[in-house]
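Okay, so here's the structure we're looking at.
Throughout, a chain's letter reflects where its sequence line sits, starting with A, and its residues are numbered from 1.
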Amino acid sequence: MTAIFVPRDSAARSVGADQVAAAVAAHAARSGTAVEIVRNGSRGLMWLEPLVEVDTTEGRVAYGPVTPDDVVGLFEAGFLHGGAHPLGHGPTDRIPWLADQDRLTFARVGIVDPLSTEDYVAHGGLTALRRAVELTGEQICDEVADSGLRGRGGAGFPTGTKWRTVLTAPGSEKFAVCNADEGDSGTFADRMLMEGDPYMLIEGMIVAGIAVGARHGLIYIRSEYPDAVATLRVAIRAAYGAGWLGPHVLGTDHAFDLEIRVGAGAYVCGEETAMLESLEGKRGVVRSKPPLPALAGLFGKPTLINNPLSLASVLVVLARGAEFYREFGVGRSRGTQVFQLAGNVARGGIVETAFGMTVGQMVQEFGGGTSTGRPVRAVQVGGPLGAYLPPAQFDLPLDYEAFAEAGAMIGHGGIVVFDDTVDMAAQARFAMEFCAAESCGKCTPCRVGAVRGVEVIDRIVAGREVATNIALLQDLCEVMTDGSLCAMGGLTPMPVRSVLRHFPEDLDASEGARS
Amino acid sequence: MASENSPRHIPWSPEAARETIESHAELRGPLLPVLHALQDTFGYVDQEAVPLVAKALNLSRADVHGVLTFYSDLRTTPPGKVHVQVCRGEACQAVGGHALAAHATRSVGVAFGGTTAAGTVTLDEVFCLGNCALGPSVTVDGHLHGRVSAAALDRLVGDAVGDQR
């Protein structure tokens with residue numbers, strides 16, 4: 001019986017994977033061919049979705065993008081034995097786009113059946129947890145610190161330091177929270193990990209709980225990810241059934257309970273303290289720090305908060321050793337980072353690599369330039385609060401410090417490509433509009449400033465007192481940067497300033513004063 | 001939103017509301033799960049639910065009202081029979097999202113956040129569906145669609161409306 005993989009990842013489904021799976025099943029039944037259809041995660045080669053893989057005697061062979069109408073032709077071309085076909089790409093692992101990556105955290109995504117506990121363990125799952133239950137919390141935290149791992153949510157804070165802080169925090173009740181409110185446009189890595197390898201996140205949470213002494217875990221997932229929510233709910237039930245969760249983790253005296261909480265459409269709840277407020281049943285208003293959530297977080301208790309990719313990275317560290325992880329990377333950025341190529345890009349998807357690539361390499365070599373074939377005019381890295389980079393900045397290495405020095409931000413690794421039809425004034429206006437829509441409302445510079453920002457940009461674009469309004473916009477950016485409690489208001493000026501600096505012609509600023 | 005694909009909503013009733021509230025009230029920090037459950041059940045959170053929730057959770061009505069009106073997912077009026085969300089995030093903008101959004105409001109005939117006069121379609125904007133390499137993206141009754149053209153959007157909405165008849 002041949003196994004045929006058709007992804008269940010929501011991106012693949014968005015372009016017809018379910019219909020393809022049904023067509024394969026129907027044709028197999030009609031022709032009396034025995035096949036087993038496995039709904040795997042996505043390999044992350046989005047331009048090839050739905051990507052259908054066949055498990056041949058020589059390994060997995062890929063075909064894509066497949067439509068239901070292609071199915072008969074694929075069978076007739078002998079795709080069950082890896083036969084040649086215009087949609088064929090040969091052995092999946094040898095596709096250069098994949099072969100050139102270092103998939104440490106995404107190792108199982110697209111390979112396994114996401115909900116199969118057997119598949120998970122057969123592909124290295126539980127290696128880290130089995131080690132963790134034999135170690136003290138301090139030993140686990142030390143290893144994480146040794147690895148140099150920095151948080152993958154966006155702030156890049158040293159993960160080991162954070163874990164140690166929660167471990168040593170006074171208090172008998174502690175929480176481990178996963179921030180899966182991946183709200184940045186251009187990012188989907190957390191979503192794909194949750195849909196494609198949910199047990200990895202569950203194992204990561206259990207390890208975190210053991211490391212810092214937390215017996216309760218919560219995963220806060222944005223409501224815009226219903227498939228991730230559903231997948232994790234099923235996986236958690238299975239994990240309880242398998243004894244990975246509950247009062248005796250893997251039969252030991254460690255106890256850990258895990259639940260899902262769903263967001264309700266607020267981007268600001270990706271900010272960790274707003275997320276805590278949301279978990280407590282309140283409006284997602286940002287808290288001042290100190291106190292750090294690590295010391296006084298959820299319900300006032302010491303709380304560990306990590307991004308899904310960070311937790312997945314910890315498992316790699318524990319399974320393969322801190323030194324192994326440290327060997328990847330450049331400068332102070334260790335291990336791998338998961339970049340997401342998105343927007344107007346020919347070859348979008350997941351690129352997991354050691355740091356050190358430049359923006360240009362990523363966009364051209366992996367991305368293949370724009371999907372329209374027109375020139376790349378701008379690339380926004382780091383989500384809505386990230387700078388728009390012009391081609392002149394494409395030699396920037398994808399490194400936290402290099403980006404910060406250049407007035408830009410890596411964030412959660414989203415890379416959105418725009419071609420030369422982009423109106424950068426509209427993008428600057430959107431930055432302010434988005435902030436106004438999503439502001440929690442606490443700080444006047446953010447709440448009111450964003451509204452005024454939209455108005456000022458509208459006046460500039462209309463040609464009214466341009467020089468005066470440009471100066472006003474600069475001043476507003478300064479006030480929002482300095483006077484906002486969190487990155488919502490504090491970093492909204494980043495994309496706006498990048499437009500002022502690198503694309504002034506779209507704001508007509510280079511024309512000088514017309515007032 | 002998490003159960004758009006589940007059975008249709010039931011008409012508002014305080015008894016059903018009380019049951020829904022009670023089944024989630026034991027959670028720690030239960031308000032958001034309670035409000036989600038009410039919306040999953042009725043399609044929206046009726047104003048009459050506010051004092052019921054407040055009493056069950058020992059919160060003030062102002063607290064409940066504050067949370068209910070803070071989060072964009074939560075609605076206080078019944079939705080249309082068909083729910084359409086159009087992504088206005090940057091990655092979708094980069095592949096024509098601005099134009100698709102404008103087309104959606106014209107074609108459906110309401111501004112974002114609105115419901116058509118006959119109560120057929122609710123049109124919402126959303127900032128990112130996590131489908132950023134296959135945009136422009138929309139959801140229709142909870143189903144995610146990528147690479148959506150204006151014509152495809154009209155067809156998807158038309159089919160969904162047709163299914164309702």
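A/Asp227 and A/Tyr225 share no donor-acceptor pair across their side chains, judged by distance under 3.5 Å alone. Checking B/Gln164 against B/Thr120 by side-chain atom types alone, no donor-acceptor pair falls below 3.5 Å. Side-chain N/O atoms of B/His36 and B/Asp73 include no donor and acceptor closer than 3.5 Å. Side chains of B/His103 and B/Asp154: a donor-acceptor N/O pair is present below 3.5 angstrom, by distance only. With 3.5 Å as the limit, one finds a donor-acceptor pair spanning the side chains of B/Arg75 and B/Thr77.
Only the backbone of A/Asp184 comes within less than 4.5 Å of a heavy atom of chain B; no side-chain atom from C-beta onward does. For A/Val417, the part lying under 4.5 angstrom from a heavy atom of chain B is the backbone only. Heavy-atom distances place the side chain of A/Gln427, and not its backbone, under 4.5 Å from chain B. Only the backbone of A/Thr187 comes within contact range of chain B, with at least one heavy atom under 4.5 Å from a heavy atom of that chain. Contact of A/Tyr267 with chain B is not made at all, since no heavy-atom distance falls under 4.5 Å. Contact of A/Ala437 with chain B is made through the side chain alone, with heavy-atom distances under 4.5 Å. The contact between A/Glu433 and chain B is made entirely by side chain atoms (from C-beta outward), counting heavy-atom distances below 4.5 Å. With a threshold of 4.5 angstrom between heavy atoms, A/Ser278 approaches chain B through its backbone and through its side chain. Only the side chain of B/Val126 comes within less than 4.5 Å of a heavy atom in chain A; its backbone stays farther off. For a residue to count as touching a neighbouring chain, one of its non-hydrogen atoms must lie under 4.5 Å from one of that chain's; by this rule A/Arg222 touches chain B with the side chain only. Neither the backbone nor the side chain of A/Glu182 has a heavy atom closer than 4.5 Å to any heavy atom of chain B.
Cation-pi geometry between B/Arg88 and B/Phe127 is not satisfied (NZ or CZ under 6.0 Å from the ring centre, within 45° of the ring normal).
The side-chain heavy atoms of A/Leu385 and A/Thr492, taken from C-beta on, include a pair separated by under 4.5 Å. Annotation: side chain of B/Glu90 is in contact with side chain of A/Phe418 (closest heavy-atom distance under 4.5 Å). Considering only heavy atoms from C-beta on, B/Val110 stays 4.5 Å or farther from B/Thr105 through its side chain. Counting heavy atoms from C-beta on, the side chains of A/Ile221 and A/Val262 never come closer than 4.5 Å.
For the options A/Ala266, A/Gly348, A/Gly349, A/Pro384, heavy-atom pairs under 4.5 Å to chain B are most numerous at A/Pro384. When each of B/Leu134, B/Leu59, B/Leu68 is checked for heavy-atom pairs under 4.5 Å with chain A, B/Leu134 comes out on top. In terms of heavy-atom pairs under 4.5 Å with chain A, the best-connected choice from B/Val34, B/Leu31, B/Leu144 is B/Leu144. Of the listed residues (A/Cys440, A/Gly265, A/Gly16), the one with the most heavy-atom contacts under 4.5 Å to chain B is A/Gly265. Between chain B and the options A/Glu280, A/Arg191, A/Arg261, the largest number of non-hydrogen pairs under 4.5 Å is found for A/Arg261. If you tally non-hydrogen atom pairs under 4.5 Å between each of A/Ala378, A/Gly183, A/Gly263 and chain B, the highest count goes to A/Gly263.
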query = Taking it one step at a time, do A/Arg429 and A/Asp423 satisfy salt bridge (Lys or Arg N to Asp or Glu O under 4.0 Å)?
reply = CA-CA 10 Å; A/Arg429 184 190 193 279; A/Asp423 173 0; over 6 Å; no
